[in-house]
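Sequence lines set the chain letters: A, B, ... in the order given, protein chains first and strands last, and positions in each chain run from 1. All heavy atoms count here, side chains included; hydrogens, waters and symmetry mates do not.
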Amino acid sequence: MALVKPITNFGNVVTPKFGNTRSTSSKTSSTMIRMSSSTKKSSTKKAIKETLLAPRFYTTDFDEMETLFNTEINNNLNQVEFEALLQEFKTDYNQTHFVRNKEFKVAADNLQGPLRQIFVEFLERSCTAEFSGFLLYKELGRRLKKTNPVVAEIFSLMSRDEARHAGFLNKGLSDFNLALDLGFLTKARKYTFFKPKFIFYATYLSEKIGYWRYITIYRHLKANPEYQCYPIFKYFENWCQDENRHGDFFSALMKAQPQFLNDWKAKLWSRFFCLSVYVTMYLNDCQRTAFYEGIGLNTKEFDMHVIIETNRTTARIFPAVLDVENPEFKRKLDRMVEINQKLIAVGESDDIPLVKNLKRIPIVAALASELLAAYLMPPIESGSVDFAEFEPQVVY
Amino acid sequence: MAATLTQRCWAAPGVKLNPTPQTLTRNPKPKSLSLPLSANSTCSLFSFTPPPSPTFTKSSSSSSSVRTAVAAVESDQLSSAEKKPSRYYFVVANAKFMLDEEEHFQEQLFERLRLFKERNNEQDFWLVIEPKFLDKFPDITRRLGRPAVALVSTNGPWITFMKLRLDRVLSESFEAESLEQALASSPTNIEFKKPDKWVAPYPKYESEWWGPFLPPGSKEEAKV
């Protein structure tokens with residue numbers, strides 16, 4: 001999974017049925033906390049404000065997952081597709097890719113002032129997001145071993161990728177004399193529960209949007225090397241191919257469970273997940289424009305490009321997607337950014353909690369109504385050609 | 001707007017997916033070179049860093065089975081040298097889709113080429129412009145925008161994976177006596193109109209990127 005883990009619990013805004021985050025634990029950012037589990041975890045943990053938009057850790061209903069992919073119960077699993085994916089993951093394109101060099105430390109030392117802090121936060125969030133993918137996939141790999149060894153092995157190989165990514169980012173943090181204590185993170189962070197079908201929608205989008213973010217940054221920096229201020233971006237091209245493949249696997253998982261793709265509920269959920277992922281990214285990134293400007297990108301243009309491309313990719317599997325190329329969609333996003341800024345301003349004011357909460361009510365209502373309006377914009381019917389009723393008439 | 005995208009996504013019933021569609025935003029500025037090769041070419045000389053933590057790595061188990069897969073392919077090719085027909089798998093779609101619109105496809109092919117070189121594997125995948133083997137597949141050609149481009153490989157599972165990735169492609173397989181026969185193509189000019197609106201914060205990939213993937217000896221005829 002990639003730079004952001006863009007899932008929020010906006011669920012309770014749009015539809016109450018959606019799994020709420022069970023807690024808002026504090027994101028532990030650790031100064032000089034080593035990740036080895038043996039050393040004592042001491043030292044200055046500065047709590048970073050946990051918001052709706054922070055990267056999350058997920059857990060799911062593993063028993064249901066076992067049933068869904070049990071080859072004995074479910075005969076129409078497309079094992080050929082899974083075997084093909086397994087071969088692709090075993091190929092291990094990036095086995096020797098994540099090797100650091102001396103440029104890292106030098107570049108980190110040259111990053112000073114506000115940009116330095118922003119970079120640290122970027123590495124930290126990205127590392128957390130990748131690591132959360134590692135934990136989830138690792139557990140799925142373990143749990144599905146008996147009922148579907150092929151699917152289980154793919155999950156394990158994906159957790160291999162995520163571990164590599166997280167480890168590489170954590171090494172990056174060491175250039176700034178920091179390290180995330182991942183063992184501690186595993187235990188201390190609260191997990192968000194998603195039913196399997198929501199895991200599929202969410203992680204599919206997360207992987208594909210991750211691909212588009214990484215490749216866009218990579219290609220932009222390739223064309224504008226003067227902004228290449230930290231060598232990690234040079235690794236993004238190969239790196240993000242992993243994300244893209246992970247997304248493909250979730251495509252196959254969903255195709256193996258057509259009930260998650262072929263009815264009106266699936267369409268509503270598809271739109272819902274698209275919206276929450278896109279909005280989360282947009283609001284997140286608009287709070288961190290300094291980072292994107294620091295590498296020479298216009299934050300909103302970057303995000304819109306990523307959203308449009310992710311949406312086009314997603315249209316190959318989700319039964320419905322949002323009409324993000326309609327200019328009205330971006331206008332709505334921009335209004336949400338303004339509202340979100342007001343919300344943040346209230347939080348940072350000196351009012352007593354009760355007053356803050358009262359002040360929040362109309363702002364949250366405004367945000368909810370924008371979200372709902374965006375959700376209700378006429379969608380675009382989409383999906384894999386493998387499921388299209390009129391497939392025989394399609395001209396390729 | 002919605003209608004156009006739908007059409008793009010679906011090539012809606014009865015609508016022919018025109019090889020030069022009304023693309024919305026994927027459109028280049030003036031050409032500029034940006035082949036996605038070796039971002040890390042300078043990186044591997046330094047000390048190899050072992051995977052991040054012993055608690056979460058398990059990459060070693062994977063390589064052996066790759067070799068098996070590759071070995072199988074190689075023996076496949078050997079047998080073709082002995083005039084035993086080999087099976088070729090392919091996905092096919094119109095050239096615009098394969099070579100111009102799907103930029104991740106190019107990244108994948110270069111990634112695979114890089115890997116094959118690193119591991120000294122013989123290339124077993126090619127892009128064939130207007131392949132002659134399509135004549136054997138009237139059910140496919142009936143539904144195909146022209147000119148057409150096929151991705152052909154002796155590695156069947158990989159083509160299955162590529163079908164999953166690309167989705168808007170048709171997939172089949174055939175047997176051929178030799179590589180030359182399998183990859184024969186009709187001379188065709190491939191030229192794409194430059195998109196008039198390009199909003200990505202980077203230049204489009206250079207046209208002609210597909211050169212390294214054309215069958216040996218076919219580069220001349222494929223030239224524009």
Side-chain angles (χ1 to χ4, degrees), chain A residues 35 37 80-81 83-85 87-88 90-93 95-97 99-102 134 138 156-157 160 163-164 166-168 170-171 182 216 218-220 222-223 234-235 237-238 241 244 248 251-252 297 301-302 305 308 315-316 323 325-326 378 380-382 384-385 388 390 393-396, chain B residues 1-2 5-6 8-17 24-25 32 34 36 39-40 42-46 48-49 51-53 55-59 62-63 65-66 69 92-94 97 104 107-108 111-112 115 118 143-145 157-158 160-161 164-165 167-170 199-203:
Chain A
M35 43 180 267
S37 52
V80 178
E81 214 160 59
E83 299 276 0
L85 276 159
Q87 177 190 288
E88 190 69 0
K90 277 182 173 171
T91 302
D92 199 3
Y93 290 86
Q95 195 173 34
T96 57
H97 177 58
V99 179
R100 282 157 53 84
N101 61 40
K102 287 174 188 159
F134 160 75
K138 179 93 185 162
S156 299
L157 293 170
R160 164 203 72 193
R164 252 182 218 153
F168 199 66
N170 213 4
K171 287 268 191 231
L182 298 176
T216 303
Y218 174 83
R219 291 178 68 178
H220 156 73
K222 179 112 176 154
K234 294 183 188 167
Y235 291 72
E237 187 191 29
N238 290 355
Q241 306 305 323
N244 212 348
D248 295 333
S251 247
L297 284 165
E301 283 173 13
F302 166 74
H305 172 69
I308 288 170
R316 302 218 176 140
D323 186 8
E325 293 177 64
N326 181 341
I380 294 167
E381 303 270 312
S382 56
S384 164
V385 287
F390 50 80
Q393 282 120 34
V394 174
V395 174
Y396 289 83
Chain B
M1 187 65 121
L5 185 66
T6 312
R8 240 185 82 82
C9 293
W10 276 122
V15 180
K16 191 173 161 132
L17 182 61
L24 300 166
T25 49
S32 77
S34 76
N40 57 332
T42 55
C43 300
S44 47
L45 299 169
F46 297 90
F48 175 74
T49 324
S53 142
T55 55
F56 55 75
T57 35
K58 53 187 306 281
S59 54
S62 49
S63 56
S65 35
V66 175
V92 67
N94 67 81
F97 177 84
H104 60 101
E107 292 158 18
Q108 269 184 300
E111 179 192 45
R112 195 164 174 85
L115 185 91
E118 277 172 16
R143 319 172 47 191
L144 202 55
W158 186 63
T160 304
F161 168 72
L164 173 70
R165 163 66 65 84
D167 195 68
R168 271 73 170 142
V169 289
L170 291 162
V199 293
Y202 48 74

Please determine whether side-chain contact (heavy atoms from CB on, under 4.5 Å) holds for the pair B:Glu118 and A:Thr96, giving the CA-CA distance in whole Å, both sets of side-chain angles, and the decisive distance to 0.1 Å. CA-CA 10 Å; B:Glu118 277 172 16; A:Thr96 57; 4.1 Å; yes
Under 3.5 Å side-chain donor-acceptor pair for B:Gln108 and A:Gln241: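 Side chains of B:Gln108 and A:Gln241: no pair found under 3.5 Å.
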Which heavy atom of [X] sits nearest to which heavy atom of [Y], and what is that distance?
X        : Y        : answer
B:Asp167 : A:Ser384 : OD1-OG, 2.7 Å
B:Leu115 : A:Thr91  : CD2-CG2, 3.3 Å
B:Arg168 : A:Ala315 : NH2-O, 3.6 Å

4.5 Å side-chain heavy-atom contact, [X] and [Y]:
X        : Y        : result
A:Glu81  : B:Phe161 : no
B:Tyr202 : A:Thr216 : yes
B:Pro201 : A:His305 : yes

Tell me if a side-chain donor or acceptor on A:Asn238 pairs with a main-chain N or O of B:Glu111 at a distance below 3.5 Å. no
So, does A:Arg219 use its side chain to make a donor-acceptor pair with the main chain of B:Pro203 at under 3.5 Å?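 Checked: pair present.
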Could you walk me through whether A:Asn244 and B:Arg165 pass the side-chain contact (heavy atoms from CB on, under 4.5 Å) test, one step at a time? CA-CA 9 Å; A:Asn244 212 348; B:Arg165 163 66 65 84; 3.3 Å; yes
Go through the steps for A:Leu85 and B:Leu164 under the test side-chain contact (heavy atoms from CB on, under 4.5 Å), then give the verdict. CA-CA 9 Å; A:Leu85 276 159; B:Leu164 173 70; 3.8 Å; yes
